[in-house]
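What's counted below: heavy atoms across the whole structure, side chains too, no hydrogens, waters or symmetry copies.
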Amino acid sequence: MDAGIAAAPVAVKSPPAAERVYLHVKAGVLDRSYEGGTLLTEGDLAEAVGVSRTPVREALLRLEAEGLLKLYPKKGALVLPVSAQEIADVVETRLLVEQHAVAKLVGALPERLVARLEELLAEQRGHAATGDLAAFAVADRCFHAEIVRAAGNRILAQLYDQLRDRQLRMGVATMHAEPSRVAKNIAEHTEILDALRQGGTRQAEAAVRRHLSRVNTLARGES
């Protein structure tokens with residue numbers, strides 16, 4: 001090609017309309033811009049995203065299938081609150097998976113995992129300083145997910161990943177309910193990492209139990 005002829009810019013396709021609505025609503029539900037009990041209408045969402053109502057319906061059906069919304073014909077979609085049973089189920093599943101993971105890693109802790117966990121702790125401190133709770137919750141969830149993946153059981157890691165959205169939503173709700181939870185979260189993550197480094201199976205499992213029991217208590221709205 002002639003060096004004097006500039007290459008034509010490559011057009012970057014935007015996601016399909018239904019995907020844009022899906023991502024917009026899901027992000028709002030997870031970061032609590034759309035709190036539990038909020039009624040979303042097709043017209044308002046179509047205007048917010050700049051699309052017609054047809055892709056809005058498609059996106060809402062998808063979100064209903066994921067358990068985030070409940071559709072009401074001719075009325076809209078209700079953002080479902082996080083139930084006490086859902087909290088209990090998520091925490092119970094996390095306990096089973098995460099205690100197993102730390103027990104496998106004690107005495108065989110990869111240096112790359114230590115480095116990654118330290119990096120995520122630094123990210124959490126940064127998000128805490130700026131007050132970005134949504135980003136803090138993402139780093140929080142990643143901290144635990146890295147430990148589960150490092151344990152080497154792909155099936156358990158896939159199961160854990162299925163809890164991602166519920167964990168993020170519960171995490172943001174917990175920190176809104178008790179802002180001091182942010183600093184405590186960082187301290188408890190540091191405790192988990194220290195227990196892994198020191199090579200104590202019981203200590204590591206106990207650190208995970210203490211951390212998740214506090215998450216459970218706060219997510220339920222208890223003192």
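L45 and L80 fall into different hydrophobic clusters, defined by Ile, Leu, Val, Met, Phe, Trp and Tyr side-chain heavy atoms under 4.5 Å apart, directly or through other members.
For the atom pair F136 CZ and I186 CD1, the distance stands at 4.5 Å (nearest 0.5 Å). Atom CD1 of I147 and atom CD1 of I192 lie 6.0 Å apart (nearest 0.5 Å). With values rounded to the nearest 0.5 angstrom, L156 atom CG is found 9.5 Å from L96 atom CG.
Remark: R141 engages D161 in a salt bridge, criterion side-chain N to carboxylate O under 4.0 Å. Classification of R210 and E188 as a salt-bridged pair fails, no side-chain N sitting under 4.0 Å from a carboxylate O.
Nearest heavy-atom pair across A157 and R149 is CB-CG, 4.2 Å. Between A48 and H24, the closest heavy-atom pair is CB-NE2, 4.2 Å. Minimum heavy-atom separation, E123 to A139: OE1-CB, 4.1 Å. Across L39 and G76, no two heavy atoms sit closer than the pair CD1-C, 4.1 Å.
Proximity of V79 to L68: side-chain heavy atoms (C-beta onward) are nowhere separated by under 4.5 Å. The side-chain heavy atoms of D44 and T41, taken from C-beta on, include a pair separated by under 4.5 Å. Looking at heavy atoms from C-beta onward, L60 lies in side-chain contact with V56 at the 4.5 angstrom threshold. No side-chain heavy atom of L78 sits less than 4.5 Å from a side-chain heavy atom of L71.
Residue pairs that meet the ring-ring contact (aromatic ring centres under 6.0 Å, His included) test with at least one member in residues 144-174, sequence neighbours left out, are H144-H189, H144-H211. A side chain to side chain donor-acceptor pair (under 3.5 Å) check over residues 57-72, counting only residues at least two apart or in different chains, returns the pairs E19-R62, Y22-E66, K26-E66, E42-R57.
D194 meets the salt bridge (charged side-chain N to carboxylate O under 4.0 Å, His left out) test with R197; sequence neighbours excluded. Scanning for salt bridge (charged side-chain N to carboxylate O under 4.0 Å, His left out) contacts around E47 gives an empty result, with sequence neighbours left out. When the side chain to side chain contact (heavy atoms under 4.5 Å, CB included) test is applied to R209, the partners found at least two apart in sequence or on another chain are L95, Q99, E205, A206.
Applying the 6.0 Å contact sphere to CZ of R166 captures no more than 12 heavy atoms from other residues, nucleotides or ligands.
Counted by atom type alone, Q124 and D140 present zero donor-acceptor pairs between their side chains at under 3.5 Å.
The hydrophobic cluster around V138 extends to L30, L168, counting ILVMFWY residues whose side-chain heavy atoms fall within less than 4.5 Å of a member.
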